[in-house]
Amino acid sequence: MSLPAVKKLKTEVRRPDGMQRELYSLLGENTPPVMVVPDHYKGKPNWRQKATPWNWCPFTNRARDDSLVLKHWVRGQPDTDEIYRFAKFNVKINVPEWSDEDYQLFKRDEWTIEETRYLFDLCREFDLRWLVIHDRYDYQSVLDRRSSVDSSVEAGAEKSDAPDDQIQNVSQLRTIEDLKSRYYEVCSALLRKSSYLSPNDEELLEQMNFSKENEVKRKAHLERLMSRSPNQVAEEEALVLECRRLEALADQMAHERAEIISLLDTPAATGSIAQYQSSQGVTSLHQQLLAEKSRKPKEHVNIVNAQSGPAFKKGHVDEAKSGLAAQIIQKRLSTKEEAAYGITYHEKFAPGVYLRSAKLTTLKQNQASRAQSVFNELSIPMRPIMPTAKVAAKFDTLLQSISLLLDAKRALDKIEAELRVSKEVKANSGS
Amino acid sequence: MAQVYGADEVNAVVLDPGAAWTRTGWAGEDAPSATVSSWYSYMKDDDGTISRRQYGDDIVNMARANVEVANPYEDGLVSDFEAAQELWNVALASEMASLEDAPLMVTQPSWGDSSYQRQVMEYCFEKTKTPAAYLAKSAVCSLFSAGRGSGLVIDAGAQTLSITPVIDGLVLNKPSIRTKRAGNYLNTQILAALTDLKHEIVPWYQVSKKEVVELGEPAKYTKKGIETTSSYHDLQVQRVIDDFKESLVQVSGVPLDEKTETPARTYEFPDGHSAEFGKERFELGESLFRNGSDEMSDDSENSKGVSQLVIDVINNCDVDIRANLTNNIVITGGTSLLQGFTARINHDLQQAFPALKIRLYAPGNMTERRNASWLGGSILASLGTFHQLWVSKQEWDEVGAEQIAAKRFR
């Protein structure tokens with residue numbers, strides 16, 4: 001009764017054709033997962049606990065100057081002393097303050113004290129975002145407003161002198177670099193004013209070195225870079241790719257060369273040479289080497305003796321035999337004799353013992369199956385039964401010609417197919 | 001956890017007034033809760049004074065005798081504050097009661113000057129009971145809605161199309177450009193083209209009955225005998241044109257020439273007659289992009305196509321930020337929903353700046369595209385770090401209207 005059951009177990013489902021072996025091996029019986037799953041339900045949640053309520057609470061923001069009260073949601077009981085948690089993000093950049101006396105340090109013809117103050121106010125307001133400062137920079141309107149006020153207050157003062165006009169014109173054309181260089185000029189002058197500079201200040205002073213010319217040059221360069229034509233961009237990209245390729249090639253070459261050199265290199269000394277550096281050491285080394293030299297042949301002899309000891313007689317016969325063979329080889333044999341004696345000449349021997357059949361040429365995977373059918377047609381086995389040297393050589397040439405033949409046939413098939421297609425195309429286009 | 005999240009709801013209200021639509025809603029939500037047409041209807045008393053303004057698109061579109069319609073906006077800004085304030089009251093109707101302890105954020109175009117800002121702030125503090133208010137530039141808000149702080153905003157609205165570079169949430173005023181080549185301009189072009197093609201536009205309100213006619217046949221319909229004002233009629237004609245624009249007009253992916261393929265589509269007018277439009281569809285779309293328009297050639301900004309203006313704006317910006325701008329281009333506004341609009345801008349920019357990476361952000365979601373500035377305002381007004389920027393009533397009273405506009409919103 002148990003026989004059918006056993007049989008059932010043994011009949012494995014055959015792998016369906018076309019299914020990959022890897023995929024097939026994933027199928028099969030579902031083994032249970034390794035993880036241990038506890039077989040009980042999740043515990044009942046504790047509903048009794050009261051949920052923390054959210055309260056709609058008023059708050060004040062420390063980042064504000066006034067006492068605006070807004071309301072927001074707070075979890076649990078509101079903490080009245082708590083500082084509004086977003087207030088700490090109100091960070092301002094420290095723009096230095098200066099007095100009218102300080103102005104003498106950085107007085108310039110093209111800047112008035114009012115305009116410098118105006119610049120600093122903007123810097124403070126926009127946290128040194130130069131693009132925005134430059135965008136909002138409109139000293140002209142400030143001047144206009146002031147002059148209108150002036151003229152209304154004291155009409156006869158006649159404030160608009162020639163230099164003032166000049167300054168007005170200049171202030172209209174201030175570039176972003178002008179503003180930056182003025183700001184950093186003033187800041188560095190203020191830093192230098194103090195007799196003692198902390199390392200921090202020194203570093204700051206170093207950073208204040210603003211070169212207007214360099215900045216203008218850099219921007220001009222960037223502009224040129226951006227105004228490249230599509231062809232130029234494409235060419236540059238191609239060049240960069242080519243460069244990368246060459247670099248990779250050079251890396252590879254260097255790597256290979258390093259490998260070869262490491263192969264050629266003599267093994268590095270492992271021990272220290274300190275003990276041989278004194279004259280005494282050299283002498284002892286010399287003696288050691290001499291001793292080794294004299295010892296080596298002796299050892300060799302000993303080994304030979306030890307080997308030949310028990311099988312002395314056989315060795316003797318071998319020697320006599322090898323002497324005979326040497327004589328024959330030296331005699332220079334004809335090819336017929338060579339074949340008779342089974343003598344072959346090799347350029348190089350692979351180490352170890354091997355079967356001649358293992359040295360037969362093997363075809364590539366895709367060719368092998370087709371070669372198989374050819375062999376079947378010829379009713380020759382895929383492997384020669386008796387791979388003597390002659391048979392093996394013949395078999396090799398046969399294999400090679402079969403593979404050549406197959407290649408040629410494939411090429412022919414391809415060309416014929418192409419021919420057929422183009423004929424069809426021609427026929428279709430003709431009709 | 002809350003710090004990472006960064007938001008802190010204070011139940012702010014966001015008002016986004018636009019020339020076509022006025023949007024209101026609670027900050028922190030993803031779409032406005034009310035979208036009201038910016039048009040209103042009114043009647044004139046015997047002595048010529050305007051009375052009984054009515055708001056809401058169902059009222060405005062109702063055909064009535066002696067009822068005029070008007071729009072309180074011009075060039076994207078409010079031109080008639082009296083009407084606009086009433087309109088905003090209507091749009092804010094559901095939030096008005098809560099404004100007693102909710103701050104109010106109003107978006108404004110970046111070209112609104114300090115007197116404009118003063119008037120809007122006056123509305124906030126005098127017509128509503130809000131404890132604090134703020135004016136946010138709509139370009140900045142659109143950029144925020146795309147999750148960016150710096151970039152270039154192309155806002156194609158009804159009355160104006162503006163191109164605004166923004167750095168760290170601050171508008172660069174000098175390189176900003178706006179043009180009248182926007183939705184309404186396109187409407188006038190469409191009207192002119194349809195008149196040239198001898199298509200009479202009969203708005204829906206005039207059609208009481210119509211028959212099916214073959215393509216190209218004249219219309220067979222019965223006209224409703226309603227006497228309306230010319231302003232009402234014009235608005236209704238514009239609505240038909242809007243429909244025509246939304247369903248037919250397309251922008252060609254490359255500059256239009258003789259070889260461009262222009263597949264035809266049919267359109268059925270409200271009176272029942274239908275016609276096929278092929279090349280016209282694309283030529284109308286092209287009118288936004290073609291340089292040197294004949295009728296607007298007096299104005300240098302209006303004589304350039306949209307793409308050329310974008311290129312000009314980018315070139316007028318500092319060379320350091322150009323790459324940043326082209327990499328963060330946000331396209332918003334109803335007119336940008338024209339078929340092929342963004343693709344064309346992308347194509348033209350890529351031609352103009354081969355060395356720069358062009359990346360456009362134009363949400364496919366229609367609600368988001370149309371309400372981008374409201375959405376950005378909603379995001380901004382619900383940020384914890386923003387609450388220090390509200391202009392409080394106290395500050396308004398102490399500092400004064402003139403100073404607030406000059407100091408806080410420049």
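In what follows, every heavy atom counts, from backbone to side chain, and hydrogens, waters and symmetry copies are set aside. Chain letters run A, B, ... following the sequence lines, proteins first and then strands; every chain starts at 1.
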Inset, instruction - Go through the atoms of B/L389 and report whether side chain, backbone, both or neither lie under 4.5 Å from a heavy atom of chain A. - result: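 Only the backbone of B/L389 comes within 4.5 Å of chain A.
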Inset, instruction - Using non-hydrogen atoms and a 4.5 Å limit, figure out which bit of B/L172 sits close to chain A: side chain, backbone, both or neither. - result: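 For B/L172, heavy atoms of backbone and side chain both lie under 4.5 Å from chain A.
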Inset, instruction - Say whether, by atom type as modelled, one donor and one acceptor occur between the side chain of B/K174 and the main chain of A/Y137 under 3.5 angstrom. - result: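 Judged by distance alone, yes, a pair lies under 3.5 Å.
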Legend entry - Ionic contact status for A/D66 with B/K393, cut-off 4.0 Å: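 Between A/D66 and B/K393 there is no salt bridge, as every charged N stays at least 4.0 Å from the carboxylate O atoms.
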Legend entry - Salt-bridge contact B/R322-A/E223 (side-chain N to carboxylate O under 4.0 Å): yes
Kindly give the heavy-atom pair with the smallest separation between [X] and [Y], and that separation in Å.
X	Y	answer
A/S229	B/P354	C-CG, 3.9 Å
A/F86	B/D8	CE1-CB, 3.6 Å
A/A63	B/Q388	CB-OE1, 3.5 Å

Legend entry - Which portion of A/R62 sits near chain B, non-hydrogen atoms under 4.5 angstrom: neither
Legend entry - A/R129 versus chain B, the contacting section by heavy-atom distance below 4.5 Å: side chain
Nearest-0.5 Å distance that lies between atom [atom1] in [X] and atom [atom2] in [Y]:
X	Y	atom1	atom2	answer
A/L131	B/L170	CG	CG	10.5 Å
A/N61	B/W390	CG	CH2	12.5 Å
B/H387	A/F59	NE2	CZ	5.0 Å
B/I314	A/M226	CD1	CE	10.5 Å
B/N11	A/K71	CG	NZ	10.0 Å
A/D135	B/D318	CG	CG	11.0 Å

Top contributor to chain B interface from [options] [non-hydrogen pairs under 4.5 Å]:
options	value
A/W56, A/W130, A/W73	A/W56
A/L68, A/L225, A/V69, A/D138	A/L68
A/R136, A/E125, A/H134	A/R136

Inset, instruction - Flag the pair A/S67 / B/Q394 as yes when at least one side-chain heavy-atom distance between them is below 4.5 Å, and no otherwise. - result: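 In short, these two side chains touch, coming nearer than 4.5 Å.
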Legend entry - Flag if over 12 foreign heavy atoms under 6.0 Å of CD, A/Q49: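 Count not over threshold, so no.
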